[in-house]
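Beneath this line is the structure, given in structure tokens, with notes to follow.
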2 protein chains.
Amino acid sequence: MHTQLNHRMTKQRQIIIEELRKVTSHPTADQLHEMVRKRLPRISLSTVYRNLETLSSEGMILKMDSAGTQKRFDGTVENHYHIRCSRCGRVDDVHMETIPEIEEIARRRSSYQSVSHIIEFTGICPNCYSQSRG
Amino acid sequence: MHTQLNHRMTKQRQIIIEELRKVTSHPTADQLHEMVRKRLPRISLSTVYRNLETLSSEGMILKMDSAGTQKRFDGTVENHYHIRCSRCGRVDDVHMETIPEIEEIARRRSSYQSVSHIIEFTGICPNCYSQSRG
DNA sequence: TTACTATTAAGAAGCATTTGCAGTTAAAAT
DNA sequence: ATTTTAACTGCAAATGCTTCTTAATAGTAA
Ligand SMILES: [Mn+2]
Ligand SMILES: [Mn+2]
Ligand SMILES: [Zn+2]
Ligand SMILES: [Zn+2]
């Protein structure tokens with residue numbers, strides 16, 4: 001009586017998951033496409049997009065619906081926070097405790113239901129900072 | 001010796017600011033275009049985009065670099081948090097204290113510089129929730 | 001008024017993402 | 001092992017949001 005998901009584990013899907021989980025770099029779809037191509041040279045970009053969509057709706061990966069022009073994808077599903085470089089666009093994890101308490105505050109103030117949250121920090125990454133000081 | 005900004009306050013720019021500041025709804029560029037058209041029927045969408053870009057780079061409005069397919073714009077410049085409905089996409093302010101302390105934590109953990117932050121809540125808005133319960 | 005140049009409207013272009021389709025293949029059924 | 005079937009793929013074309021180009025227009029200063 002629940003949704004029937006007849007998903008197949010194709011080579012393509014398997015390798016997309018593997019490559020995404022190898023890195024901590026939150027790649028865009030086309031970056032991931034390049035990574036996967038090393039192992040499957042004929043895979044198309046639309047297959048990457050299609051699978052990223054499927055995998056994220058299954059909760060197997062995270063689609064980062066956040067800042068920047070391109071979407072980014074994350075192999076880590078547990079809630080954690082990110083910091084994005086305003087110069088070069090790179091995204092890193094921030095290893096700190098999450099603060100789920102604020103969801104209850106937001107729920108009361110907004111009267112929305114089923115509240116979750118993300119925090120996105122922005123700053124200048126070490127690379128870009130050291131470049132700017134010569 | 002600072003950047004000379006020879007910006008003109010045109011009818012179009014004036015009315016775009018006014019209409020954006022009238023609402024709390026964080027409109028997309030095309031929604032704002034429709035609003036402005038009531039007063040300036042011949043204004044083009046690209047003029048709206050161009051002015052929103054100019055105004056946000058001047059710090060007069062906020063370009064919300066956040067979730068969803070379309071960018072949204074905010075007449076309120078001070079840092080505050082938002083909640084977005086996962087069903088219909090509407091975005092509301094969340095009137096709660098901001099927690100700038102976490103920026104120092106993120107700065108130490110990430111070694112990024114000049115850290116700022118946004119919090120975005122997600123949930124089901126009252127409209128969508130009442131619809132779903134009949 | 002005249003000169004100067006920021007700004008405009010309209011549409012084309014750019015670019016990330018999605019979709020249609022005909023052929024392919026994983027995996028359930030036999 | 002073979003058949004069956006619908007999910008999946010690669011490719012190309014389409015879509016949708018945003019930015020850019022261009023000739024005309026309109027603030028601003030002299
Ligand atoms: Mn992450
Ligand atoms: Mn707001
Ligand atoms: Zn950087
Ligand atoms: Zn809603």
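Order of the sequence lines fixes the chain letters, A, B, ..., with proteins taken first and strands second; residue numbering starts at 1 for each chain.
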query: Heavy atoms under 4.0 Å, any strand shown: does B/R13 hit a base, just sugar-phosphate, or nothing?
result: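 Contact class for B/R13: sugar-phosphate only.
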query: At under 4.0 Å between heavy atoms, what does A/D30 touch on the DNA or RNA strands: base, sugar-phosphate, or nothing?
result: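 It contacts nothing in the nucleic acid.
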- request: Quick one: sort the A/H26 and A/H82 rings into parallel, tilted or perpendicular, breaks at 30° and 60°.
  value: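 Ring orientation of A/H26 relative to A/H82: perpendicular.
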field: Salt-bridge criterion met for B/E53 and B/R50 (N-O under 4.0 Å)
entry: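 So B/E53 does not pair with B/R50 through a salt bridge.
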query: Would you call A/E19-A/K38 a salt bridge at under 4.0 Å N-O?
result: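 Judged by the 4.0 Å cut-off on N to carboxylate O distance, A/E19 and A/K38 do not form a salt bridge.
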field: D/dT5 phosphate, OP1 or OP2, under 4.0 Å from A/N6 side-chain N/O
entry: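 No.
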query: Think A/T10 has a side-chain N or O under 4.0 angstrom from the OP1 or OP2 of C/dT25?
result: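 A/T10 to C/dT25 OP1/OP2: no side-chain N or O under 4.0 Å.
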message: Between the base of C/dT5 and the side chain of B/R8, is there a donor and acceptor pair under 3.5 angstrom?
response: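 Yes, a donor-acceptor pair under 3.5 Å.
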Side chain of [X] only, heavy atoms from C-beta on: which candidate in [options] is closest?
| X | options | result |
| --- | --- | --- |
| B/Y49 | C/dT7, D/dT18, D/dT9 | D/dT18 |
| B/E53 | D/dT19, C/dA9, D/dT9 | D/dT19 |
| A/T47 | C/dT7, D/dC8, D/dT9 | D/dT9 |
| B/S46 | C/dT8, C/dC21, C/dG11 | C/dG11 |
| B/R42 | D/dC8, C/dA27, C/dA10 | C/dA10 |
| B/K71 | D/dT18, C/dT8, D/dG27 | D/dT18 |

- prompt: Should the heavy atoms of other residues, nucleotides or ligands under 6.0 Å from CD of A/E104 be counted, would the total exceed 12?
  reply: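 Enclosed: over 12 neighbouring heavy atoms sit under 6.0 Å from CD of A/E104.
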